2 protein chains.
Amino acid sequence: MASVDYPEPVRRLIAQLKQLPGVGPKSAERIAVWLIQSGAEPSLSFAESLLAAAREVTECRTCGFFATEEGGCAICEGEPRDSHLLCIVEQPTDILPLERSGAFRGFYHSLRGRISPLDNIGPEDLRIGELVKRIEAGDFVEVILALSSDVEGEATGHYLAELLGGFGGLKVSRLAQGLPAGGGLNNADELTLLRALQGRIGI
Amino acid sequence: MASVDYPEPVRRLIAQLKQLPGVGPKSAERIAVWLIQSGAEPSLSFAESLLAAAREVTECRTCGFFATEEGGCAICEGEPRDSHLLCIVEQPTDILPLERSGAFRGFYHSLRGRISPLDNIGPEDLRIGELVKRIEAGDFVEVILALSSDVEGEATGHYLAELLGGFGGLKVSRLAQGLPAGGGLNNADELTLLRALQGRIGI
């Protein structure tokens with residue numbers, strides 16, 4: 001006896017959902033069933049949002065943040081900023097958390113990734129050419145590397161520090177590493193404690 | 001200074017994704033960013049699958065499993081089955097795991113939920129009227145309650161056992177409870193062990 005399965009449109013929806021990052025087979029099935037059982041409306045407005053985002057959202061050619069044809073880039077074309085400061089991030093999604101900290105009001109540059117030999121991602125796959133042109137054309141005084149504190153982030157940071165060292169007078173800095181706010185010593189791993197000790201500050 | 005946020009289509013897509021079951025704010029953001037960065041194609045084919053499922057997939061009026069206008073219901077209109085056996089499940093998604101067990105080749109009836117006073121779901125909200133009509137019209141000999149072994153599942157089972165007791169000659173059974181396959185005693189909770197002891201079988 002042939003085994004019973006979901007109708008083809010259900011199977012296709014589950015397959016699509018499974019491709020999303022962080023959605024496994026079980027979640028994909030649960031979401032598909034929820035969508036189908038909720039009637040047509042949620043699926044229609046979901047599909048509309050997908051199409052609108054695919055149609056309208058672009059990447060800002062300057063900084064790499066999300067932009068729209070209509071509204072432009074909220075950072076590069078938004079309220080005035082300090083044109084001497086440039087903060088380099090791996091992903092456009094890293095920009096909002098930094099903005100919310102309230103500690104930085106310069107410009108940003110998203111690399112759209114980081115150097116990762118295991119994933120076959122080298123400097124030429126990142127927005128580094130754009131970065132160099134931007135620094136050549138602008139009047140930046142300091143570039144802050146706001147990269148992940150893991151192996152790939154550090155490799156990317158070393159590469160950029162060397163590259164940017166070639167610009168006379170340009171200060172290159174990176175984010176401090178140490179204890180996260182609210183974190184006790186017993187929750188911190190050894191590497192974090194090592195970094196916190198190395199970066200200790202006189203009081 | 002006004003705080004920077006994602007462009008409106010990105011925010012709307014994130015809001016839509018957050019409504020899906022099991023998708024939190026962080027996952028919604030990650031999925032939205034992944035979709036946007038993957039270019040238009042994945043979003044377009046995802047939207048297409050959503051629209052196709054919303055347009056084509058219906059609920060089988062007999063058993064409650066997913067069906068399509070074109071293909072009908074793979075269970076009620078599929079290969080011949082034992083018309084004396086009816087298995088009652090809470091959700092259409094409960095049907096495929098039972099099918100895959102290979103231990104049952106009768107018909108199914110999905111209730112589309114279970115009795116849950118806390119969620120304001122009573123018997124009148126479930127497909128119980130349809131169930132009664134089906135049993136009256138059919139020649140079922142045994143009805144198997146394949147419901148969850150939690151409070152709501154047991155409440156639903158008690159209600160149905162009483163209701164179906166009114167049909168002379170109809171045998172009503174429920175799934176066995178006990179140790180899951182491959183489960184050691186030290187992983188089983190007290191209630192599971194209680195049920196396993198109560199349901200012990202002579203060898």
Side-chain angles (χ1 to χ4, degrees), chain A residues 1-10 12-13 15-17 19-23 27 29-37 39-57 59 65-68 70-71 74-75 78-79 91-93 95-96 99-100 102 105 112, chain B residues 1-10 12-13 15-17 19-23 27 29-37 39-57 59 65-68 70-71 74-75 78-79 91-93 95-96 99-100 102 105 112:
Chain A
M1 180 162 176
S3 79
V4 171
D5 203 346
Y6 290 126
E8 201 271 331
V10 181
R12 211 169 53 211
L13 181 57
Q16 285 282 350
L17 286 162
Q19 288 180 18
L20 302 178
V23 178
S27 317
E29 186 175 326
R30 195 166 72 234
I31 293 172
V33 166
W34 180 87
L35 281 166
I36 289 164
Q37 292 188 327
E41 205 284 316
S43 293
L44 296 187
S45 65
F46 189 8
E48 231 165 72
S49 304
L50 280 164
L51 296 173
R55 195 173 50 228
E56 295 166 28
V57 180
E59 188 183 77
F65 189 59
F66 301 111
T68 57
E70 214 176 297
I75 289 170
E79 302 189 23
Q91 295 292 348
T93 44
I95 293 175
L96 289 192
E99 278 291 294
R100 289 189 198 117
R105 285 295 176 246
R112 206 200 288 131
Chain B
M1 183 161 173
S3 79
V4 170
D5 203 346
Y6 291 126
E8 201 271 331
V10 182
R12 209 168 57 212
L13 181 57
Q16 285 282 349
L17 286 162
Q19 287 179 18
L20 303 177
V23 178
S27 319
E29 187 174 326
R30 194 166 69 234
I31 294 171
V33 166
W34 179 86
L35 282 165
I36 289 165
Q37 293 188 328
E41 205 284 315
S43 294
L44 296 187
S45 66
F46 189 6
E48 231 166 70
S49 305
L50 279 165
L51 295 173
R55 195 173 51 228
E56 294 166 30
V57 181
E59 189 184 76
F65 189 60
F66 301 111
T68 58
E70 213 175 298
I75 290 169
E79 300 189 25
Q91 296 290 350
T93 43
I95 293 175
L96 288 191
E99 277 292 294
R100 288 189 199 120
R105 285 295 178 247
R112 205 199 291 131

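All of these numbers come straight from a predicted model, not from anything done at the bench. We name chains A, B, ... by the order of the sequence lines, and we start the count at 1 in each one.
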Restricting to non-hydrogen atoms, name the atom on [X] and the atom on [Y] that form the minimum distance, rounded to 0.1 Å.
X: B:S49; Y: A:Q16; result: OG-CG, 3.1 Å
X: B:L17; Y: A:F46; result: CD2-CZ, 3.5 Å
X: B:P9; Y: A:E56; result: CG-OE1, 3.2 Å

**OP:** Specify whether B:Y6 and A:F66 have parallel, tilted or perpendicular ring planes, treating 30° as the upper limit for parallel and 60° as the lower limit for perpendicular.
**Re:**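 Plane angle over 60°, so perpendicular.
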
Original post:
Non-hydrogen atoms of chain B under 4.5 Å away: do they reach the side chain of A:I36, the backbone, both or neither?
Top reply: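 Only the side chain of A:I36 comes within 4.5 Å of chain B.
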
**OP:** Please state whether the side chain, the backbone, both or neither of B:I31 comes within less than 4.5 Å of a heavy atom of chain A.
**Re:**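 Both backbone and side chain.
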
Original post:
What part of B:A67 lies closer than 4.5 angstrom to a heavy atom of chain A: side chain, backbone, both or neither?
Top reply: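 For B:A67, the backbone is the part near chain A, not the side chain.
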
**OP:** Answer whether the closest heavy-atom distance between the side chains of B:V4 and A:I95 falls below 4.5 Å.
**Re:**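 The answer is no; the side chains never approach within 4.5 Å.
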
Original post:
With a 4.5 Å heavy-atom cut-off, do B:T93 and A:E29 have their side chains touching?
Top reply: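 Answer yes - side chains close enough.
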
Subject >> Leading residue by heavy atom contact count with chain B [cutoff under 4.5 Å; candidates A:I75, A:D5, A:L44] >> reply: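 Maximum pair count with chain B is reached by A:D5.
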
Subject >> Which of A:A54, A:A52, A:P7, A:P21 touches chain B most, by non-hydrogen pairs under 4.5 Å >> reply: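 Heavy-atom pairs under 4.5 Å are most numerous for A:P21.
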
Find the one option among [options] whose heavy-atom pairs under 4.5 Å with chain A are most numerous.
options: B:E8, B:R100, B:Q37, B:E59; result: B:Q37
options: B:G22, B:A40, B:S45, B:S27; result: B:S45
options: B:S43, B:G102, B:A15; result: B:S43

Original post:
Can you list the steps and then say if A:L35 with B:L20 is a side chain to side chain contact (heavy atoms under 4.5 Å, CB included)?
Top reply: CA-CA 8 Å; A:L35 281 166; B:L20 303 177; 4.0 Å; yes

**OP:** With rounding to the nearest 0.5 Å, note down the distance linking CG in A:L50 to CZ in B:R12.
**Re:**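 Spacing of CG (A:L50) from CZ (B:R12) equals 10.5 Å.
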
